[in-house]
Protein chains: 2
Amino acid sequence: MALTQDQVVERAVDLMAEVGLEALTLRRLATELGVSAPTLYWHVRNKRELLDLMAEALITRAGRATSPAPGQPWWEWLAEQARLQWRALTSHRDAALVVAGNRPTDTALPGIEQVMASLVAVGFPPAEALRTILSIGNYVIGCAVERQAEAARDDPERDARLLQQAGDLPHLRAALAGLGGPGPSADDAGFEYGLALLIGGVRAHHAALAGAGAAT
Amino acid sequence: MALTQDQVVERAVDLMAEVGLEALTLRRLATELGVSAPTLYWHVRNKRELLDLMAEALITRAGRATSPAPGQPWWEWLAEQARLQWRALTSHRDAALVVAGNRPTDTALPGIEQVMASLVAVGFPPAEALRTILSIGNYVIGCAVERQAEAARDDPERDARLLQQAGDLPHLRAALAGLGGPGPSADDAGFEYGLALLIGGVRAHHAALAGAGAAT
DNA sequence: GTAGCGTCTCGAACAACGTTAGAGAACCTG
DNA sequence: CAGGTTCTCTAACGTTGTTCGAGACGCTAC
């Protein structure tokens, strides 16, 4: 049975989730597929293209965008879309690093269009809806990249040194005390906090738009 | 004259701004410094450490954090701090990719502390001030990473294909028409839009905090 | 039936990379 | 001048992405 490009990409995604991006070498991927390394070049132009295809696959795996459920406020639904993206980027190891290097691909466009439709339906001008979506996407990617960078460095000595230096800075110390230190799920809490800020800003802007529209 | 670590790092930062991260090889950096490649290992443990030091240097180059000017609203000042970061990450090529892979380093802590001080002074609890700062930082990094990924792919054929597909999606087409297409400074405009949303959310949250505090 | 042509895979090899080992200048210190 | 630290070198290793050219399989045409 002939190997297909889809098989190569899917196996690559799984292998990266297992061993990380740095250990994802073409020879290893080939071995995993029971094939010789140069064989991969028949299915893929080069590694760069393989990574692009992996990014597309990861986006697809994130799940289709939805429309707001009946009776659900649009801002809650919008936050849920962001969480969908967030989970897709954080559930697979190093997924953010691969997706970050990609422009909104062909596969992402229909999803963007659908989310835009719901935003336009509640009163956003198309241009503003698009920029809002892209801004939220950038925030999610930033959080995910930062989170994986943190995970890649489990350097206890470094953490200790950082914590000690933070002890000399009064506000920082107070904040860390209030947060109970950088715990395990601190990333998710931080993500949710910033997401709430962002969505809050979108709501405020939406209200201003409606007000201006009603006033004139 | 003996080579110092600072010279190595500074030259590395400049070289990367010139040729990009991928072309920043130890041999090339060594040649640039008039030195043999293994010599670098006397000044730096390995390439990973060199990149970490470069990230620190880039953060330092961004410029010191300020306090709000007298009479300046805190939210305008906060946005200005974000722009400072943004300019530092986008003025040097591939700077975002290097900084993104780094935890808030020792050098970044004093800056964070100073910004926190100003936020606490206007009524933010320390924990919320910290999370706000980190959220803004994540947004900035996400924007910068995305921007450089876009710059790395100046593939006209790809852009054309994307644009054509967008033409079939009504809302997307309307948005792009309103924005005048992906122009040269579209990134900056997009960054400013999301930043305004985020800061708006922070203001709204701050008002809610003050209201709750005054009510009880 | 066999000649020919796409499809798919392989072994061998290349240049370049990060990195290590070990030898040797140059410099202080006694 | 002896000894050790500081800094640099040449040589080389293993691994990576990638290319070349040869072959095996299946299909179609005459």
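Side chains included, hydrogens not; waters and symmetry mates left out as well; all remaining heavy atoms used.
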Validation row: A/Leu134, B/Glu146 side chains within 4.5 angstrom (heavy atoms): no

Minimum side-chain heavy-atom gap A/Asp168-B/Leu109 below 4.5 Å: no

Atom pair OG1 (B/Thr66) and CG (B/Leu84), whose distance is rounded to the nearest 0.5 Å: 7.5 Å

From B/Glu10 atom CD to B/Leu33 atom CG, the distance as rounded to the nearest 0.5 Å: 11.0 Å

A/Glu80 and A/Arg83 ion-paired at < 4.0 Å: yes

Below 4.0 angstrom, N of the basic side chain to O of the carboxylate: do A/Glu76 and A/Arg203 qualify? no

Ignoring hydrogens and angles, state whether a donor on the side chain of B/Glu113 or A/His171 is under 3.5 Å from an acceptor on the partner side chain. yes

Within the pair [X] and [N], is there a side-chain N or O less than 4.0 Å away from OP1 or OP2?
X	N	result
A/Trp42	C/dC8	yes
A/Thr39	C/dC10	yes
A/His43	C/dT7	no

Its contact letters, B for base, S for sugar-phosphate only and - for none at protein heavy atoms under 4.0 Å, make nucleotides 11-23 of chain D read BB---BBBB----

Using whole Å, report how far [atom1] of [X] lies from [atom2] of [N].
X	N	atom1	atom2	result
A/Glu22	C/dC17	CD	C1'	14 Å
B/Arg28	C/dA15	CZ	C1'	16 Å
A/Leu33	C/dC8	CG	P	15 Å
B/Leu40	C/dT20	CG	C1'	14 Å

Need the bend value for the helix from C/dG1-D/dC30 to C/dG30-D/dC1: angle between end axes, 5 pairs each end, nearest 10°. 10°

Pairing residues for A/Arg93 by the salt bridge (Lys or Arg N to Asp or Glu O under 4.0 Å) criterion, not counting sequence neighbours: none

